[in-house]
Protein chains: 2
Amino acid sequence: MARVGLTTERLVRAGAELADEVGFEQVTVSELARRFDVKVASLYSHVKNSQDLKTRIALFALEELADRAADAVAGRAGKDALVAFANVYRDYERDRPGRAAAARMRLDPETAAASAGVRHAQMTRAILRGYDLTEPDATHAVRLLGSVFHGYSSLEAAGGFSHSAPDSEETWTRILDALDALLRNWPTEPTP
Amino acid sequence: MARVGLTTERLVRAGAELADEVGFEQVTVSELARRFDVKVASLYSHVKNSQDLKTRIALFALEELADRAADAVAGRAGKDALVAFANVYRDYERDRPGRAAAARMRLDPETAAASAGVRHAQMTRAILRGYDLTEPDATHAVRLLGSVFHGYSSLEAAGGFSHSAPDSEETWTRILDALDALLRNWPTEPTP
DNA sequence: CCTGTTTGCCTAAAAGCTTTAGGCAAATGC
DNA sequence: GCATTTGCCTAAAGCTTTTAGGCAAACAGG
């Protein structure tokens, strides 16, 4: 019985690719085994169970996304950084839809706290250094940006903006303009 | 063999409740059959398959949510309407997490076009009447609001903002203030 | 009524995914 | 070279999905 050389690492990477091809929901231990031309039970030495596999794919995607984001914002500031950062999320959704869906997976609190999700929040906060926000407004803004990137990507992927004018590309640009304007002029007190 | 009185309608409602209890992903034809104390195969007269069941739950949730939103914005305008509308989404996520997740389910284009999703977009646009936006900026703004509501709810439900100061409640208020300010002062041209 | 048709829920069965237990052989280390 | 570890296998049980075909309850018309 020749050994294929399974590894948790290799399984997770292959799982991420599988997710991009067939959708994160459709990632299955069985299908993964088929791809490695190995019996299903063999995977259970490397992965606890189906849930564990998916969680690992999610963590992998979060890391990858954080790496890309870190790369994009390096050497940039202000709106330039904001746009580069935002585009990483949108492009990831386009290029790696399965991984992007994985990155949106609900993780239990401890797992989430130990994930690259933390890096994402830190980078977002770093971008705000280009704007004059003090706490707690900076935190509010971090959460707003997270919501917009998250929400826009997912609505766009669901086809929410397709087949209707203006096209999604333009809206994206204008939304980033709007967010930039908002951050430069963050309201301190609500105007009633 | 006593008849229980299954109906597509009743199945969908029960499915929505099941989703709120165990999560939308965990909604299963088998579990639903168990709840009606009926054999699994019996459900297949009322529902095409598992996917069909989930789609119907999603459509039901979208309708319910649209009804609530319509109710909330009736007789309101401007920021008042914006806040009431936004709170409907957030409250729905809190009170009916399974249905809310269902409402975020990816639908194929035709189904989506025939869904209450259209009403949601129309209501969002109606709210913008309280602000001075002309096309295509109104569309951009509709998409931004959709993204924020969608994204915030889903991040909050995933526990993204819990256990860290300031609390989610305050952020939500400040984000709505910020969106209101942004809509009253929507940037026409980007500032480079 | 009561008889014929429709309809609702059933049994049966096949197929796929998940997960655990236990075994043999390949790799590794001394 | 031998012992131990490790990797993949077979086997098997349990659960979900889905289709096919059957019987009896509900219902309609005479």
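Here is the naming used below: chain letters follow the sequence lines, and residue numbers restart at 1 for every chain.
- Using a 4.0 Å cut-off between a side-chain N of Lys or Arg and a carboxylate O of Asp or Glu, Arg143(A) and Glu156(B) do not qualify as a salt bridge.
- Closest to the side chain of Arg3(B), out of dA20(D), dC9(C), dA11(D), is dC9(C).
- Look at Arg99(B) and Glu17(B) and you find no salt bridge, because none of the NZ, NE, NH1 or NH2 atoms lies under 4.0 Å from a carboxylate O.
- A donor-acceptor pair is defined here as one N or O able to donate and one able to accept, closer than 3.5 Å; no such pair exists between the side chain of Asp71(B) and the backbone of Asp67(B).
- Among the nucleotides dC15(D), dA24(D), dC8(D), the one closest to the side chain of Arg34(B) is dC15(D).
- No close placement of the Tyr152(A) and Tyr89(A) rings is indicated, their centers lying 6.0 Å or farther apart.
- For the pair Gln26(A) CD and dG16(C) P, the interatomic distance rounds to 17 Å; values are reported in whole Å.
- Distances shown here put every side-chain N or O of Ser42(B) at or beyond 4.0 Å from the OP1 or OP2 atom of dG8(C).
- Set against dT11(C), dC9(C), dC17(C), the side chain of Thr28(A) has dC17(C) as its closest nucleotide.
- Counted by atom type alone, Ser153(A) and Arg90(A) present zero donor-acceptor pairs between their side chains at under 3.5 Å.
- At whole-Å resolution of the value, CG in Leu43(A) and P in dA21(C) are 17 Å apart.
- No side-chain donor-acceptor contact under 3.5 Å links Thr55(A) and Asp52(A).
- For residues 44-55 of chain A, proximity to DNA chain C is found at Tyr44(A), Asn49(A), Ser50(A), defined as any non-hydrogen atom under 4.0 angstrom from a strand atom.
- Atom C1' of nucleotide dG8(C) and atom CZ of Phe36(B) are separated by 14 Å, given to the nearest angstrom.
- Residue Leu6(B) has its side chain nearest to dC9(C) when only dT19(C), dT6(D), dC9(C) are considered.
- A donor atom on one side chain and an acceptor atom on the other are not found under 3.5 Å apart for Ser30(B) and Arg35(B).
- Nearest to the side chain of Ser30(A), among dT18(C), dC15(D), dC10(C), sits dT18(C).
- Judged purely by distance below 3.5 Å, without hydrogens or angles, the side chains of Thr7(A) and His46(A) never pair a donor atom with an acceptor atom.
- Among the atoms of the strands shown, only primed sugar atoms or phosphate atoms (P, OP1, OP2) are found under 4.0 Å from some heavy atom of Val4(A).
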Given Lys54(B) and Glu25(B), is the salt bridge (Lys or Arg N to Asp or Glu O under 4.0 Å) satisfied, shown in steps? CA-CA 9 Å; Lys54(B) 287 192 178 171; Glu25(B) 304 296 312; 5.2 Å; no
Dot-bracket, 5' to 3', for DNA chain D please: Watson-Crick or G-U pairs under 3.5 Å, [ ] where pairs cross earlier ones, | where the partner sits on another strand, dots elsewhere. ||||||||||||||||||||||||||||||
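- The listed nucleotides are dT17(D), dT10(D), dT6(D); the one nearest the side chain of Lys39(A) is dT10(D).
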